[in-house]
Visitor: 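Take this structure, written in structure tokens, and hold onto it; I'll ask about it next.
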2 protein chains.
Amino acid sequence: MFKRKISSIMKKKQTSPNISKNFMDHDHELCFESALKDFKQHFIEKELKLTPLRLKVFQLLLKDHRPLGAYQILDLLRKDGFSSTPPIAYRVLDFLIEHGFVHKIKKLNAFVACSHPGNSHSPTFMICRKCEKVAEINEKESGLKFNKETSSEFKIEEAIIELIGICKNCTKIEVI
Amino acid sequence: MFKRKISSIMKKKQTSPNISKNFMDHDHELCFESALKDFKQHFIEKELKLTPLRLKVFQLLLKDHRPLGAYQILDLLRKDGFSSTPPIAYRVLDFLIEHGFVHKIKKLNAFVACSHPGNSHSPTFMICRKCEKVAEINEKESGLKFNKETSSEFKIEEAIIELIGICKNCTKIEVI
DNA sequence: AAGTCAATGTTATATTATAACATTACTACA
DNA sequence: TGTAGTAATGTTATAATATAACATTGACTT
């Protein structure tokens, strides 16, 4: 109860919505709960079946904005009493990806919870090689545009965009 | 000799330099030879050792603008009498990638010869899901730009950009 | 209760990649 | 000329990632 209040206060303190929020200190409890609520809402709207396994995997990926490999997920599932053979993880991940709740980061062969579920999109990822966190930018935010020639010569159906570098937070820390 | 002449004539027939040349009919003999010449020149300039294995792997990747997996390369090496255990391919590929002669397409876990060797760059790839050919656009050509916010909040060191879709040539063919 | 179907469980194996060490073959230079 | 050093290649084994194929479960339907 009290915790909630603090969360709420902290929320007000935060700067304006920020594309790199995931990298910075933020009220992650709130962030987590809000994402989870969204997640559940989408299951209802789309009439999908929210099973314990699907919920668990999504929660694991929501944990701290760090991507998890399939086998890391399996280890965590094992600890929670789920079966933990590879197809279990890959099937749930495939399902969550298909419905836009999770993305795969090709650079890392790992998976993250989607930050903008619902918008079917070609997200751009920023991957900090230092703290290993990932932030997702949606198309409009990224300002990403290809020039006319590219668009006219090639019909883009899917775009994989992964930016590897150093996040604002780790830059601060780097200055020692 | 005569072949050369035809090539030369065909070259003149081609339209202006085109970002999606790789997808279209073009004088591939000339394309191949020119890329190979460049490749060799870079080895001289950078004082690298051009071994038969390195040359062979690059030639294989130059063949037809289609990416090859490491194990496909190994099969082809075997046919040419080279040793063909995985480290052979991966080591040569690592070397060629490190020096900018080859890129890895993450989407396909496969490798292509670089179209703009020498420019150290973050290339953008267009991958046709129909003919499976790949074309590389360099930074300037792509017109790709991130907005200020992205750039100020995250220090980009490497960008993986892979566009999956249908090339101009396959679009034409698609209309049946 | 029997049939259906989606979800999960299980076994086996495919695909991609690397670690660790051995051999070769070229270079330098004593 | 021979030998020490080193880069490249060769070899063996195994790690890491992913999928195929089939079995079981459990909820819902009729």
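So that the names make sense, note that chain A is the first sequence line, chain B the second, and so on, each numbered from 1.
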Visitor: Is there a path of hydrophobic side-chain contacts, each under 4.5 Å between heavy atoms, that joins B:Leu48 and B:Leu93?
Guide: yes
Visitor: From the options C:dA7, D:dT11, D:dA18, select the nucleotide whose nearest atom is closest to the side chain of A:Pro86.
Guide: D:dA18
Visitor: Between B:Phe111 and B:Lys49, just flag the one whose closest nucleotide in DNA chain C comes earlier from the 5' side.
Guide: B:Phe111
Visitor: May I ask you to evaluate whether B:Asn109 reaches the phosphate of C:dT15, defined as a side-chain N or O under 4.0 Å from OP1 or OP2?
Guide: no
Visitor: Assuming nearest nucleotide by heavy-atom distance, tell me which of B:Asp94 and A:Phe95 is located more 5' along DNA chain C.
Guide: A:Phe95
Visitor: Between C1' on D:dT9 and CD1 on B:Ile73, what's the gap in Å once rounded to a whole number?
Guide: 16 Å
Visitor: I need the single residue from B:His26, B:Glu136, B:Lys133 that forms a side chain to side chain donor-acceptor pair (under 3.5 Å) with B:His65. Which is it?
Guide: B:His26
Visitor: Once you round it to whole Å, what is the distance between C1' of D:dT24 and CZ of A:Phe82?
Guide: 18 Å
Visitor: Report which part of the nucleic acid A:Arg91 touches: base, sugar-phosphate, or nothing (heavy-atom distance under 4.0 Å, all strands).
Guide: base
Visitor: Would you mind reading off the distance between B:Lys106 atom NZ and D:dT17 atom C1', rounded to a whole angstrom?
Guide: 15 Å
Visitor: Nearest whole angstrom, please: distance from the C1' of D:dA16 to the NZ of A:Lys104.
Guide: 12 Å
Visitor: Which label fits B:Phe43 and B:Phe95: parallel for a plane angle under 30°, tilted from 30 to 60°, or perpendicular past 60°?
Guide: tilted
Visitor: Using whole Å, report how far OH of B:Tyr90 lies from P of D:dG10.
Guide: 17 Å
Visitor: Please state whether the phosphate of D:dT11, meaning OP1 or OP2, lies under 4.0 angstrom from any side-chain nitrogen or oxygen of B:Ser83.
Guide: yes
Visitor: Suppose we call a contact any N or O donor and acceptor under 3.5 Å apart; does that hold for the side chain of B:Tyr71 and the base of C:dA17?
Guide: yes
Visitor: Pick base, sugar-phosphate or nothing for B:Thr51, based on heavy-atom distances below 4.0 Å to the nucleic acid.
Guide: sugar-phosphate
Visitor: With A:Lys106 as the cation and B:Phe125 as the aromatic partner, state whether NZ or CZ is under 6.0 Å from the six-membered ring centre and within 45° of the axis.
Guide: no
Visitor: Are any of the side-chain nitrogens in B:Asp75 or B:Arg78 under 4.0 Å away from the carboxylate oxygens of its partner?
Guide: yes
Visitor: As a test of reading the structure: which of D:dA8, D:dA18, C:dT10 is closest to the side chain of A:Ala70, going by heavy atoms?
Guide: D:dA18
Visitor: Could you tell me the separation between the CG atom of B:Leu74 and the C1' atom of C:dA17, rounded to a whole number of Å?
Guide: 11 Å
Visitor: Can you tell me how far C1' of D:dT12 sits from CD1 of B:Ile88, to the nearest Å?
Guide: 12 Å
Visitor: From CG of A:Leu53 over to P of D:dA27, roughly how many Å is that when rounded to an integer?
Guide: 15 Å
